[in-house]
Amino acid sequence: MCFLFTDFGDYEEAEKDELEELEVSNVSDVAAEEGDVDSEAELMLQMGLPVQFGGSSFEKNFVPLETRAKEHKIRKKKKKKAKCSKDLRESIKEAIDGIDEVCEDHASTSIDQTDMEESPATTGESATDVNLSSQEGWEQYWNQYGQGLLWQGWITKHKEPDIPSDYYNSEPWNCSTTKEEWAVHYNESYWHYYQEFEYWAQQGWTFDGLGDCEGKAAQVGHPAPSVQSTNHTLHMPSTSTESIDCLSDCVTGLKNINLDLKEMERDSKPLSVIYESLPLQNPESLEAHCPCDPGESEPRDVGSADRDASSGHADPSQPVSQLSKNPLLGGQVPINERSDDDDDDEPPECKQAKIKRRYGGISHFKHRTLRYLEKGIKHRSHFLDMHRPVKNVHIFFSEDSEVKPIKSKTVNKVKNFLKGLGDPTGDVLNEKVPLPNVEDSPSSSDSDCVDQSNASESTGDGSSQSKETNSTLTSNSIWCSDCATSAEQPSDTRQLFSLQIPDYLQVEAEDLDNVGDKCKKKKKKQKKKVQSLPPEIAADPHLAKYWAQRYRLFSRFDEGIKLDEEGWFSVTPEKIAEHIAYRVRQCISGAVVVDAFCGVGGNAIQFALAGMHVIAVDIDPVKLDLAYNNALVYGVADRIELICADFMCIARDLKADAVFLSPPWGGPDYVSAETFDIKTMMSPDGYPLQALSQQITKNIIYFVPRNTDVEQVASLAGPGGQVEIEQNFLNKKLKTMTVYFGDLIRKL
Ligand SMILES: C[S@@+](CC[C@H](N)C(=O)[O-])C[C@H]1O[C@@H](n2cnc3c(N)ncnc32)[C@H](O)[C@@H]1O
Ligand SMILES: C[n+]1cn([C@@H]2O[C@H](CO)[C@@H](O)[C@H]2O)c2nc(N)[nH]c(=O)c21
């Protein structure tokens, strides 16, 4: 549901799709392996990791999916390897012996025969398969550095002084307080480094276990031996026969590769020659530059000349200084990749994100990395597709793709009900029913539109109101189009929504089954019911739909929750507020949060329930009264400090570990804009608001409309900053977005 923008560089479709595919394949592999838990430990042993790191001994129920999938693959590979002919093995050994001679002056290159048997590099399909394939390379990489990376990440995550010593326990996977977190950490780290490794492999980098810190890497034409080493090397393909420096040490792992590259950049040393076993797409450049097999013309996945330059194929003398920032690691990618021409063959990861607009004087991103943390999320919401063309087209989020008449008892009840109200034919449903300028477009909630119409009826003045028509109804179904622009809405983009009647109305409908003679009685009943609504709801038919959703807003509504008009349409639904509070609690060590626009307390209450101390600010004293009342209902009034003030005026005086921003979006009409602009449509202006909040803390949560321009939100992070944008769905309907900054961004 969320994704991460990293202002580091490009990370494009192909890569994401690939990851998605990977996920899918992993899941199916796992299904095939269900129940085979203890083999995890075996795998970890194979990988050189302590079994506690991922094996069943560490957590019986936790077996990372990817590990299991890999295990499955490894087994398959093993079977394949078993078939490898003796001759081939011997020829491989011979080749390795050759390497031994070349590298005899270097201790770390000595090859253990036993290792050779098991080594992916030496048991590969062919003796000329010089470098590790991506998967094998990864396995070896993780084998060598996984443990260090896991520990490093763990320590970094828990470096705060007030972190309990459990976190530094030598076996956090065995400690009850840290076990779960360790499992999550393991999973996240594994994937993080796996993705980075894959990325670099695709860029033409190769990894071998030589760790030749003396500056000598494997020579062309020789297999890269797999050996135990404390260093690792990433090789950029090149035609030079010169050596490559050791790039980083094992603990800092991939992250440091870029630092080392910078050193290489300074030295302007040509890169070592490693014959690429990666699939190649450009035979010409391969022929021109591959010294070991000029005639070979395997397909390759590096498409453009620019790309060749990036992978070192273009010019052997080309210094590494042609590299600029690396998209994933804050490191380096070739400058030449920033080609302006529309080369369709160019791999997507070479393409730059094209951002056309600027906001609030903050420069837009040139090199942005976009990570979708959930599979297929972009397809679920056009708001998350930063590359979508901005058109005046309304896209609805509904699971119904087709228009179908709804035959339901409920519809009949409504018809009967309407008849009872004086429309004997029930034809009011065939006519344009006035809907208020609603907060939710059809895209957000099936019930919203329906609720609106029913709301009008229920309060007795709905059907006769002649506000701007926002929906076109048929007898068995209700059609909704965008409330503000229905006139321009082509009929084929309208969306059918099922009819849902607010619960209080359904009671009425039941009572109204016997229409006719009992008409007067019914009206009386209805009046009675309406009278039991809170005055602000009874007075405003537009609010009835919120009443219908009152338990979504506050599950303890009946215990005395109170709202005013603005409160009704702008309070954060409880589930969303609870989720945000949970995330904040998880990510920050401090315990004070400012709710800068607390309203009736939807968020403040959840923060308090999550154990935080809340400084709740609102400019409106009525809201503070309501918030206090509601906090009492939830029993957390003592944890909420209420301040009646303009947040913009007092922000500088506040101290807190996190700031939650849920400003007014200009009323329910926010949704009628194609794209919500946090600068012009919000009050206070979203940019100064962010700037002021940053003076309190970098840990900011911005609660924004679901149609907010994500580029704009991303730009709030500033150059080089990061932002995590989360879409909040309620009952599968996109409701809002939450944007996280600072330490609140989930670590990958
Ligand atoms: C959208 S509501 C907040 C809803 C809240 N998150 C909840 O769940 O109940 C926005 C609130 O901001 C308040 N407000 C508007 N301008 C303000 C300002 N400059 N400083 C503080 N509060 C402000 C309004 O009175 C309103 O109650
Ligand atoms: C007008 N409105 C709706 N929501 C939130 O969006 C959901 C879907 O409409 C509402 O349920 C409410 O939580 C608002 N939140 C804030 N902070 N400010 C607003 O003006 C506002």
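In this chain, numbering begins with 1 at the start of the sequence shown. Remember, it's 1-based here, ligands and their atoms both numbered in the order they're listed.
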J.: Any N or O of R706 that comes nearer than 3.5 Å to an N or O of ligand 2?
T.: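 Between R706 and ligand 2 (N or O atoms, distance only) the closest approach is not under 3.5 Å.
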J.: Under 3.5 Å, N or O to N or O, is Y670 touching ligand 2 that way?
T.: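 It does: an N or O of Y670 is found under 3.5 Å from an N or O of ligand 2.
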J.: I'd like the name of whichever of W568, F569, W665 reaches closest to atom 16 (C) of ligand 2 through any heavy atom.
T.: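 Residue with the shortest heavy-atom distance to the ligand atom: W665.
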J.: Scan side-chain atoms only and decide if Y634 and E574 contain a donor-acceptor pair under the 3.5 Å cut-off.
T.: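 A pair is found: one side chain offers a donor N or O, the other an acceptor, under 3.5 Å apart.
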J.: Donor-acceptor check, side chain of Q727 to backbone of L734, threshold 3.5 angstrom: yes or no?
T.: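 Here the side-chain-to-backbone pair does not exist.
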J.: Does the ring of Y740 carry R746 above it, NZ/CZ under 6.0 angstrom from centre and within 45° of its axis?
T.: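 Judged by the rule (NZ or CZ under 6.0 Å from the ring centre, within 45° of its axis), R746 is not positioned above Y740.
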J.: For ligand 2, indicate whether the residue V571 contacts it via side chain, backbone, both or neither (heavy-atom separation under 4.0 Å).
T.: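 Answer for V571: backbone.
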J.: Would a distance-only check, ignoring hydrogens and angles, find a side-chain to backbone donor-acceptor pair under 3.5 Å from R556 to V633?
T.: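 It does hold such a pair.
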J.: Less than 4.5 Å apart, any side-chain heavy atom of P684 and any of F647?
T.: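 They are not in side-chain contact.
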J.: Considering non-hydrogen atoms only, spot the tightest contact between F569 and G667 and give its length.
T.: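 Shortest heavy-atom separation between F569 and G667 comes out as CE1-CA, 3.9 Å.
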J.: Not counting sequence neighbours, which residues clear salt bridge (Lys or Arg N to Asp or Glu O under 4.0 Å) with K562? List them please.
T.: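 Applying salt bridge (Lys or Arg N to Asp or Glu O under 4.0 Å) to K562 gives none.
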J.: With atoms numbered from 1 as shown, which atoms in ligand 2 lie under 4.0 angstrom from a non-hydrogen atom of G667?
T.: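 So the answer, numbered in order with elements, is 1 (C).
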J.: Just go through P663, S570, G599 and tell me whose heavy atom is the nearest to atom 18 (N) of ligand 2.
T.: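 Looking at heavy atoms only, P663 sits closest to atom 18 (N) of ligand 2.
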J.: Non-hydrogen atoms closer than 4.0 Å to ligand 1: which protein residues do they belong to? List them by chain and number, please.
T.: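 These residues qualify: E566, S570, V571, T572, A596, F597, C598, G599, V600, G601, G602, N603, D618, I619, D620, K623, A645, D646, F647, S662, P663, P664.
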J.: Is there a donor-acceptor contact under 3.5 Å from the side chain of Y702 to the main chain of G686?
T.: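 A pair under 3.5 Å: yes.
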J.: Near P664, which atoms of ligand 2 are under 4.0 Å from a heavy atom of that residue?
T.: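 That gives atoms 18 (N), 20 (O) of ligand 2.
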J.: Walk me through whether T738 and N728 qualify under side-chain hydrogen bond (donor to acceptor under 3.5 Å, both in side chains).
T.: CA-CA 7 Å; T738 313; N728 308 120; 2.6 Å; yes
J.: Need the ligand 2 atom indices (1-based, order shown) with element for anything under 4.0 Å from a heavy-atom of T572.
T.: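 Those atoms are 13 (O).
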J.: Is the ring centre of F557 less than 6.0 Å from the ring centre of W547?
T.: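 For F557 and W547, the ring centres are under 6.0 Å apart.
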